[in-house]
Amino acid sequence: MATFLSKLGRLAFRRKGVTLLLWLLVFVGMGVAASSAPPPPADTFSMPGTESQEAFDLLTEKFPDASVDGATARVVVRAPEGTKITTPSTRTDVERLVTELGASSPQVVGVADPYKSPAVSISEDGTTAYMVVTYKVPAAAVDDKAHDALDKATEQAREAGLTVEAGGDAVKIEQAMGGTGEQIGILVSAFVLVLTFGSMIAAGMPLITALIGVGIGISGITALGSAFGLSGTTGTLAMMIGLAVGIDYALFIVSRFRAERAEGRTPEEAAGRAVGTAGSAVVFAGLTVIVALAGLAVVNIPMLTKMGLAAAGTVAVAVLVAITLVPALLGLAPVKVMARKGRLRYAVKPLSDRQRRRAAKHEAKLARRTKPNLGTRWARYVLRHPVVVLLVGVIGLGTIAVPAASLELGLPGEGQMSTQTTQRKAYDLLSDSFGPGFNGPLTITVQTRSTDSTEAAGAGAGADARTAGDEIGKALARTPGVASVSPATANKAGDTAILNVIPATGPTEKKTEELVHALRDTADDLERSTASRILVTGQTAMFIDFSQTLDDALLPYLALVVGLAFLLLMVVFRSVLVPLKAALGFLLSVAAALGAVVAVFQWGWLADVFGIDAPGPIMSTMPIFMIGVVFGLAMDYEVFLVSRMRESYAHGARPGEAVVDGFRHGGRVVGAAAVIMMSVFSGFIVEDNDFVKMIGFALAIAVLFDAFVVRMAIVPALFALLGRSAWWLPKWLDRILPRVDVEGEKLAGTQPAPRSPRESTLVG
């Protein structure tokens, strides 16, 4: 592996013009393909195998005229203080709003007038009403003109003295990622790179190559979107992961190149050795990330599968960019910029006697001035106190992980948005006037058995769906936790009916989840007595099923990802214990990060510090995504740091010396990579949306725990305690595992040794 990649790196370095041209053609070609591709399909959400999805499919089939895919906006109106919605002057203003909403955009299909169904649309105290605006296009296709028209109509009603707020998927999200906080994170990343390399050119190289890789990956997703059903949001995870690993991979190779130059190797030799050693680590680190992302397929949710595979493809591009484009750019960079500051740079020319004396004097002076860097000093401290460092790290993370035992999963809703948004204000108005469960109605579908070909003929034949629906509604109304049940509405064929159940509690409350399970249990009993097929769905039920699906898939996903990564790391490090401790360390850091998220976002600790308006359940997708992202970054740090230790050990160093050598060369780079990722993720914490805050906080704190506690404290402490046993591998397993030579053991014999001052000409 190292020999092959070294040759590839040297080739890219020598043929830098051709390499750059090829990547430029790929970049432009993918951009042209993306710009000429058909528009990506709208976001679709499905959960095969769940009752909610089964009911949704039934509604699509039996109620074809219903706009199940169209976006909706629920506009809530409250009368001025001291009046009611039915007051003549207020009614005039509300009816004018209904008219304005209906004519606001060609995308609007219709507006439900609250005065035509006052029992449903007007609150009991008569102060509040709501109207549903239905669009003929999905939420993702609602254009800016329609958004602006909705905003204009509601603003005019406010000027008339009404309190008007709007919720629903047709309403423009007022807060989005990409704000000032994220920009600050990117600036901090650039600053850290400049400090790490001491050069704007060297610092800019990882950013440029990462952006090129992400650009190619996202363009590819856009170009293939129509053919493979990839929506506009499929690339969200790909962009986040691609940028993160792209910066890391380029950073690792550029850092190793500078280290090789500092040892006196020519630029081409340094590029070849950097790609052969650090590039090998990049390849295997990339494979672990790809495994983690592709493993999302086990969740059996098509949306997550597509996002995972798209992100995995972007990571593959980032790996190729790192091992080919980066060495080509190194060939274009000025020699003085890319060499380590304070080191000698040599060219192949004979030395005069005077130059030899100058070189020897300079080397002696440099040797006296050289002090152990921070990574070396830390590694030596850990080697002297391994038990203390290990106990502090494990107990500390274990304590922080305790709240994770109380983890409650849910999905984002308008009730968790900032109190300054119109969606949250509309949500609160409806809860206050119609009850907390009004924002999360449950839909019950009733299908008579006579229409179900899978059932025996004659079972309930001729049963009327509406009559059966009303009977079932009366039975469900007696279930504890039900606030009200609407009359049943049958389709044109008369074989299927729907009715709405309003819970007494809010959509994200635990009691609502218990109610869904209770209704389904009751429905099982009613199916036999009414000869009907009864299913419970609705957005709240779908969220509950989604959370349950993710919860059930979490352990299989972890087992798959950690198991495959264990095998990969065993091949890389030729050890059983090294990949074992890597996997256990990752699980410890993820548990601690989840504990911190639960404490802050579910329990409300430090809620004022982070600006959290409504602590509540943790977003269902967050643990899965966090595992994938953090696992990838953790394995990056593990492979790069430990591969340098393995390299030193394979070249004859004692176990302790190998640890120190790994930290001397890799500690600074891994620390810089971790700080960069933390700064980027921390930018999300200042956003208004609590769930965006949650993602940013979770990823930033997980990287902090994994990079600085696990990889830089627990890992070296375990190496100190295990000694040579850390590299133990059974002989029979050693014979079976393929040899990939990631540490560059064979590479040492294929490349010229660094030239001494007596063999070269001093040029710096």
Side-chain angles (χ1 to χ4, degrees), residues 45 47 50-52 55 74 76 123-124 128 130 165 167-169 403-419 421 423-444 473 476-486 499-523 535-552 554 594 597-605 607 612-623 689-691 693-694:
F45 183 81
M47 297 182 296
T50 63
E51 181 172 330
S52 294
R74 191 157 56 175
V76 187
S123 62
E124 290 184 3
T128 308
Y130 74 91
E165 304 297 343
D169 56 359
S406 302
L407 176 67
E408 295 180 9
L409 298 178
L411 280 179
E414 295 176 349
Q416 282 71 47
M417 287 186 172
S418 169
T419 54
T421 63
Q423 291 95 330
R424 175 61 184 276
K425 292 176 181 177
Y427 181 96
D428 291 340
L429 285 172
L430 289 172
S431 295
D432 180 56
S433 299
F434 294 89
F438 193 80
N439 284 291
L442 302 173
T443 301
I444 311 298
L476 295 179
R478 295 191 290 269
T479 305
V482 172
S484 63
V485 178
S486 70
L499 53 148
N500 289 328
V501 173
I502 304 298
T505 51
T508 61
E509 293 185 39
K510 186 68 174 178
K511 291 184 177 180
T512 303
E513 180 179 349
E514 294 172 354
L515 173 62
V516 170
H517 295 311
L519 290 175
R520 285 174 173 169
D521 291 339
T522 303
L535 300 172
V536 180
T537 188
Q539 187 180 63
T540 300
M542 292 191 75
F543 282 3
I544 292 171
D545 287 346
F546 183 71
S547 298
Q548 186 63 48
T549 300
L550 289 174
D551 194 29
D552 293 341
L554 191 58
L594 283 176
V597 170
V598 169
V600 173
F601 290 89
Q602 184 175 310
W603 293 356
W605 293 5
I612 301 168
D613 297 314
I618 305 303
M619 185 169 58
S620 299
T621 54
M622 198 276 296
N689 190 300
D690 281 354
F691 287 95
K693 292 177 187 286
M694 186 186 301

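Atom set for the values below is all heavy atoms of this structure, side chains included, hydrogens, waters and symmetry mates excluded. Sequential numbering from 1 along the given sequence is applied to the chain's residues. Computed from a predicted model, the values in this text were never measured in an experiment.
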Between Glu51 (side chain) and Val536 (backbone), is there a donor-acceptor pair under 3.5 Å?
yes

Closest non-hydrogen contact found for Pro441 with Pro503 is CA-CD, 4.2 Å

Any heavy-atom pair between the side chains of Gln602 and Val597 that's under 4.5 Å?
no

All salt bridge (Lys or Arg N to Asp or Glu O under 4.0 Å) counterparts of Lys511, not counting sequence neighbours:
none

Show your reasoning for whether side-chain contact (heavy atoms from CB on, under 4.5 Å) applies to Val76 and Lys425.
CA-CA 9 Å; Val76 187; Lys425 292 176 181 177; over 6 Å; no

Side chain to side chain, Pro507 and Phe543, heavy atoms closer than 4.5 Å
no

Name all residues meeting the salt bridge (Lys or Arg N to Asp or Glu O under 4.0 Å) criterion together with Glu509; count only those two or more places apart in sequence or in a different chain, and write none if there are none.
none

The side chain to side chain donor-acceptor pair (under 3.5 Å) partners of Asp551 (sequence neighbours excluded) come to none

Are Leu519 and Val482 side-chain neighbours, meaning at least one heavy-atom pair lies under 4.5 Å?
yes

Looking at every heavy atom in both Ala541 and Arg520, which two are closest together, and how far apart are they?
CB-NH2, 4.0 Å

Non-hydrogen atoms of Thr540 and Gly440 that approach each other most closely
OG1-CA, 3.2 Å

I'd like to check the side chain to side chain donor-acceptor pair (under 3.5 Å) partners of Ser486; sequence neighbours left out, ordered by chain and number.
none

Can you find a heavy atom in the side chain of Arg74 that is under 4.5 Å from one in the side chain of Asn439?
yes

Not counting sequence neighbours, which residues clear side chain to side chain donor-acceptor pair (under 3.5 Å) with Ser547? List them please.
Ser620

Can you find a heavy atom in the side chain of Leu442 that is under 4.5 Å from one in the side chain of Asn500?
no

Who are the side-chain contact (heavy atoms from CB on, under 4.5 Å) partners of Thr50, not counting sequence neighbours?
Met47, Ser52, Gln53, Asp545, Thr549

So, taking the atom named OH in Tyr130 and the one named CG in Leu430, what distance separates them when rounded to the nearest 0.5 Å?
8.0 Å

Side chain to side chain donor-acceptor pair (under 3.5 Å) involving Glu408 - partner list, sequence neighbours excluded
none

Partners of Glu513 by side-chain contact (heavy atoms from CB on, under 4.5 Å), sequence neighbours excluded?
Lys510, His517, Ile544

Among all residues two or more places apart in sequence or in another chain, which pass the salt bridge (Lys or Arg N to Asp or Glu O under 4.0 Å) test with Asp432?
Arg78

Residues that Ala55 engages under side-chain contact (heavy atoms from CB on, under 4.5 Å), provided they are two or more places apart
Thr445, Leu535, Thr537

Which pair of non-hydrogen atoms, one from Ala504 and one from Pro436, has the smallest distance, and what is that distance?
O-CG, 3.3 Å

Would you check if Phe438 and Tyr427 make a side-chain contact, meaning some heavy-atom pair closer than 4.5 Å?
no

Could you tell me which residues satisfy side-chain contact (heavy atoms from CB on, under 4.5 Å) with Ser123, sequence neighbours excluded, listed by chain and number?
Asp125, Thr127, Thr128, Ser433, Phe434

With heavy-atom distances below 4.5 Å as the criterion, would you say the side chains of Leu515 and Thr479 are in contact?
yes

